Amino acid sequence: MSTPPTPRPVKKAVFPVAGLGSRFLPATKAMPKEMLTICDRPLIQHVVEEARAAGIEEFIFVTGRHKELLEEHFDLQFELEQTLESRGKTALLEKVREAELPAGRLILTRQAKPLGLGHAVWCAARIIGNEPFAVLLPDVLMKGQQSCLKQMVETYNKVGGNLIAVEEVPRAETKNYGIIDTKDQTLPVMPVAGLVEKPEPDKAPSTLSVVGRYIFQPELFEYLSAFEKGAGGEIQLTDAMAKLIGKQPFNAIRFDGKSYDCGSRLGFIEANIAYGLSDPEISQGVKEVLKRYV
Ligand code: G1P
């Protein structure tokens, strides 16, 4: 039997960051929602770090108006670094430098109109070219022993094709997520038979939700470029994904960890508690604070 060809490596990742952040108004009136802080770093840095840990080398932000802070955050802040250095604040300096991306690795493109997640990803088509790529939604933090995208890349390197991470949700909540249809939910790598964006609970083919981490083959762009409107009148990523099924391998894995929907107030607060409890500097303090309130 011949061995299957090794899948082409995933080196580029798309971060859709043009969203208005309306679920977080008024906090996001002037500040990008991706700059909201979980523990000691903004959401966008958490996801960029997840991608870096997975071997991503090119970081493509699909950005929009009033999002300049995001690129500033990953730039060299020369005066700040000099000041920290001259004051001998080496630990802080290290933290600041962790938030820099190497020269030429941050690529910006813009989504002028909020036409939907599918349209946002399509805006990166020319930068991606003919290569496999990852998509990470910065609203969602994936916390586990290892980077969620790294776990996905390891599986992708064995199975190739398209791969998404999924997580169980209560049936009443299916209308907030993309939901997959799969025959055998016990498989570690589940072939996806269908995908529906935000179905009502009684119409949902399962309770396995798409969590906002994807690896795609570039053929996805053929379907995205049809600009078909789906749920909510938006150009949905899920609809283009569904069209790939049957034409290319399309699988789902469960992430070995937990997701936090930081686009909602409750998820955001929970994430701050979870990340605070894992931060050795403040973990004890967070426990004591929690005890005072519950
Ligand atoms: C998007 C996707 C949806 C996915 C969700 C994960 O929805 O369209 O399929 O389940 O992210 O957070 P949004 O939350 O942007 O409405």
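Both ligands and their constituent atoms are indexed starting at 1 by order of listing. In this text the structure is predicted, and so the values were computed from the model without any measurement.
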Those atoms of ligand 1 less than 4.0 Å from some heavy atom in [X]:
| X | result |
| --- | --- |
| Leu137 | 1 (C), 11 (O) |
| Val140 | 12 (O) |
| Tyr177 | 10 (O) |
| Gly178 | 3 (C), 4 (C), 9 (O), 10 (O) |

Any idea which of Glu167, Glu197, Lys198 brings a heavy atom closest to atom 8 (O) of ligand 1?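 Heavy atom nearest to atom 8 (O) of ligand 1 belongs to Glu197.
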Report yes if some N/O of Val211 lies less than 3.5 Å from some N/O of ligand 1; otherwise report no.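 Between Val211 and ligand 1 (N or O atoms, distance only) the closest approach is not under 3.5 Å.
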Quick one: look up the protein heavy atom nearest atom 14 (O) of ligand 1 and list residue, atom name and how far away it is.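 Of every protein heavy atom, Arg23 NH2, 4.4 Å lies nearest to atom 14 (O) of ligand 1.
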Heavy-atom nearest neighbour in the protein, as seen from atom 4 (C) of ligand 1, with distance rounded to 0.1 Å: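 For atom 4 (C) of ligand 1, the nearest protein heavy atom comes out as Val210 O, 3.3 Å.
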Within residues 183-212 or reaching into it, pairs that qualify as ring pair (Phe, Tyr, Trp, His ring centres under 6.0 Å) - sequence neighbours excluded: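 Sorted pair list comes back empty.
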Could you check if a side-chain atom of [X] sits within less than 4.5 angstrom of a side-chain atom of [Y], using non-hydrogen atoms only?
| X | Y | result |
| --- | --- | --- |
| Tyr260 | Ile273 | no |
| Gln151 | Met142 | no |
| Leu220 | Asn162 | no |

Looking only at side-chain N and O atoms, does Glu168 offer a donor or acceptor that is under 3.5 Å from a partner on Thr207?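 Yes, Glu168 and Thr207 have a side-chain donor paired with an acceptor closer than 3.5 Å.
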State yes or no: are the ring centers of Phe59 and Phe74 separated by less than 6.0 Å?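 Judged by ring-centre distance (under 6.0 Å), Phe59 and Phe74 do not meet the cut-off.
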Heavy atom of Thr238, distance to ligand 1 below 4.0 Å: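 Under 4.0 Å: yes for Thr238.
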Is the count of non-hydrogen atoms from other residues, nucleotides or ligands lying under 6.0 Å from Asp256 atom CG greater than 12?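 Atom CG in Asp256 is not crowded, with 12 or fewer foreign heavy atoms closer than 6.0 Å.
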Just heavy atoms, cut-off under 4.0 Å: does Leu237 contact ligand 1 by side chain, backbone, both, or neither?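 No part of Leu237 comes within reach of ligand 1.
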